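Just so you know, ligand 1 is whichever comes first in the structure, and atom 1 is the first atom listed for that ligand. As the structure is a computational prediction, the values presented were derived from the model and not from experiment.
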Amino acid sequence: MTRTYFIRTFGCQMNEHDSERAAGVLETMGYRPAPDAESANLVLFNTCAIRENADNKLYGQLTSLKPLKMADPAKTVVVGGCLAQKDQGELAERVPWVDVVYGTHNMGSLPKLLAQADSASLPVVEILEHTEMFPSALPGRREVAHHAWVSISIGCDNTCAFCIVPMLRGPEKSRRMGEILSEVNALVADGVKEVTLLGQNVNSYGRDLIRAGEVPELGGRTLFAELLHLLGDVDGLERVRFTSPHPKDFTSDVFAAMRDVPNVCEHLHLPLQSGSDRILKLMQRSYRSSRYLELVTEARETIPGVAITTDIIIGFPGETEEDFADTLAVAQAAAFDNAFTFEYSKRPGTSAVDLPDHVDPEIMSERFRRLSVVTEELALQANEGQVGTVQQLLAEGPSKTDDTRFSGRTRTNRLVHAPMVDGWVPGGLLNVRLERAAPHFMIGEVTSADCDAPVVGPVPVVAS
Ligand code: SAM
Ligand code: SF4
């Protein structure tokens with residue numbers, strides 16, 4: 001009988017990418033997808049440890065699965081990823097009825113671990129300290145046909161005081177350019193239109209390859225900019241996105257590539273974290289707010305129509321009302337198109353834990369609300385500025401809230417809902433006139449569903 005699997009993914013795009021690989025590995029073992037955890041023979045939790053509430057959520061969900069496991073001991077429960085790497089043996093002690101626990105470096109061991117779990121009465125735990133093989137080299141099963149995550153590096157060499165990622169994912173290791181290009185070519189041959197390049201710090205891509213003498217220095221151009229140019233030559237690849245660059249490593253050649261390479265989208269996600277120079281220093285982020293704003297200005301001057309989004313942490317230890325006011329001021333000055341805002345979460349093992357003056361949770365929540373008001377207003381203004389323009393939309397699927405509409409994204413990554421028209425298909429390119437704006441989406445009208453003649457290039461393109 002065919003065994004089935006269900007994967008629940010917590011956290012970031014890197015985890016979504018890893019879940020697609022875990023699904024691919026399971027499918028090569030003969031497993032098929034199940035619609036939910038209840039009916040699946042194998043349930044895999046791909047975990048996140050970036051903030052404390054991710055921990056709590058995982059343990060809560062595992063506990064709610066326990067009765068199902070007790071009723072059906074043949075059901076296999078697997079916990080992988082960042083929280084498994086962080087909690088290691090403790091996880092097996094807290095939830096001893098789990099079958100397999102694996103870390104961030106060894107998803108490729110899944111078949112071996114599942115085979116061992118068949119004969120073991122305790123969880124089979126394997127946590128390695130170093131990556132055995134790039135998850136991208138494993139077979140994958142994509143969530144959607146037209147989009148793929150492509151990992152260009154794993155790990156991180158930075159030491160941001162709040163961040164647990166370097167502890168869990170290890171030092172930065174870049175993937176060879178040839179491997180990235182062959183993966184992208186294979187994806188495009190399989191119908192992919194858009195790729196998102198993933199790395200904790202994409203614009204330091206390849207420095208380790210140069211250090212190891214595997215790649216020669218390119219006189220003056222970074223390997224990341226070079227990669228964007230090479231991806232521009234992949235026939236049939238309509239859109240290239242990337243996340244996340246680090247402000248301290250950003251170079252002008254990347255802005256130039258975003259302007260000059262037609263399939264690289266006009267969207268820059270540039271994490272700010274704080275607008276206060278004092279807090280940036282405590283965070284061990286080596287740029288300052290003036291440098292950050294210079295980058296924003298250079299992006300807007302170089303890349304017509306670029307949308308700029310960011311990550312901001314509120315309530316980092318020592319943050320005063322004055323520091324918070326600096327963050328509000330930088331957010332206003334940068335006029336972000338969108339912002340992901342987080343309350344600071346204490347992560348064991350990171351250096352911020354030992355800093356004095358942790359911010360009272362109530363003050364943190366109150367600042368979080370005030371920042372959200374500002375970022376929502378900025379997002380609304382940015383979207384209102386797009387009303388009347390015609391833009392290229394990559395259709396994603398039916399709208400989740402209105403079955404007469406479909407949803408898609410502009411090159412600037414704006415979510416747009418538009419009435420369905422003949423010929424719309426997930427993965428299709430259409431031209432849409434943007435008619436109404438809300439902070440997190442826009443409503444549009446299809447002007448041409450001719451996929452061969454989409455509006456491309458910098459936006460806005462047509463004002464009515
Ligand atoms: N490498 C990416 C970068 O430098 O932007 C960050 C990756 S992290 C998965 C995504 C975001 O989570 C960060 O940009 C930061 O805003 C947030 N984050 C990380 N650690 C956090 C913490 N301890 N508390 C709150 N937010 C945190
Ligand atoms: Fe974490 Fe900083 Fe590395 Fe991003 S750059 S993963 S925030 S340590």
### Task
Apply side chain to side chain contact (heavy atoms under 4.5 Å, CB included) to the pair Asp55 and Lys86, showing each step before the final yes or no.
CA-CA 10 Å; Asp55 283 32; Lys86 175 171 92 59; 3.1 Å; yes
### Task
Assess the side chains of Thr222 and Asp253: does a donor N or O sit below 3.5 Å from an acceptor N or O?
yes
#### Entry: Proximal atoms of ligand 2 relative to Val165 (non-hydrogen, under 4.0 Å)
6 (S)
### Query
For ligand 1, is there an atom lying under 4.0 Å from some heavy atom of Ile313?
yes
#### Entry: Proximity to ligand 1 by part of Phe342, non-hydrogen separation under 4.0 Å
side chain
### Task
For Arg285, counting its heavy atoms only, list the atoms of ligand 2 lying under 4.0 Å from any of them.
2 (Fe), 7 (S)
### Side chain, backbone, both or neither: Ser345 near ligand 1, heavy atoms under 4.0 Å
both
### Query
Counting from 1, what ligand 2 atoms have a heavy atom of His246 closer than 4.0 Å?
5 (S)
### Task
Could you list which atoms of ligand 1 come closer than 4.0 Å to a heavy atom of Glu343?
24 (N), 25 (C)
## Note on the structure
So for Gln200 against ligand 1, with non-hydrogen atoms under 4.0 Å, the contacting part is both
#### Entry: Closest approach of any protein heavy atom to atom 6 (S) of ligand 2, naming residue and atom
Gln200 OE1, 3.4 Å
### Message
When you measure from the heavy atoms of Arg285 to every atom of ligand 1, does any distance fall below 4.0 Å?
### Response
yes
#### Entry: Minimum-distance protein heavy atom relative to atom 1 (Fe) of ligand 2
Cys163 SG, 2.3 Å
### Summary
Within 4.0 Å of some non-hydrogen atom of Tyr344, the atoms of ligand 1 are 24 (N), 25 (C)
## Note on the structure
If you scan protein heavy atoms around atom 2 (Fe) of ligand 2, the nearest is Cys160 SG, 2.3 Å
### Task
For Asp311, counting its heavy atoms only, list the atoms of ligand 1 lying under 4.0 Å from any of them.
10 (C), 11 (C), 13 (C), 14 (O), 16 (O)
### Message
Measuring only between side-chain heavy atoms, which start at C-beta, is Glu179 closer than 4.5 Å to Ser136?
### Response
no
### Task
Return yes if some donor-acceptor pair links the side-chain N/O of Asp323 with the main-chain N/O of Thr320 below 3.5 Å, else return no.
yes
### Query
Does Arg51 approach ligand 1 within less than 4.0 angstrom via side chain, backbone, both or neither, non-hydrogen atoms only?
side chain
### Query
Which ligand 1 atoms are under 4.0 Å away from a heavy-atom of Arg347?
23 (N)
#### Entry: Expected output: side-chain Arg278 to main-chain Gly318 donor-acceptor under 3.5 Å
yes
### Query
Which one holds for Gln273 and ligand 2: side chain close, backbone close, both close, or neither close, with close meaning a heavy atom under 4.0 Å?
neither
### Message
Return the CG to CG distance between Leu268 and Leu295, rounded to the nearest 0.5 Å.
### Response
8.5 Å
### Message
Phe340 and side chain to side chain contact (heavy atoms under 4.5 Å, CB included): which single residue from Asp311, Ile313, Ile312 fits?
### Response
Asp311
### Task
Select one of side chain, backbone, both or neither to describe which atoms of Cys156 lie under 4.0 Å from any atom of ligand 2, heavy atoms only.
side chain
### Residue part near ligand 2, for Pro166, under 4.0 Å between non-hydrogen atoms
side chain
### Query
Is the gap between the ring centers of Tyr287 and Phe250 under 6.0 Å?
no
### Query
Would you call the rings of His417 and Phe441 parallel, tilted or perpendicular if under 30° counts as parallel and over 60° as perpendicular?
tilted
### Task
Could you tell me whether Arg370 sits above the aromatic face of Phe324, with NZ or CZ closer than 6.0 angstrom to the six-membered ring centre and within 45 degrees of the axis?
no
### Task
Looking only at protein heavy atoms, identify the closest one to atom 5 (S) of ligand 2 and say how far it is in Å.
Asn158 ND2, 3.4 Å
### Task
Say whether, by atom type as modelled, one donor and one acceptor occur between the side chain of Tyr344 and the main chain of His358 under 3.5 angstrom.
no
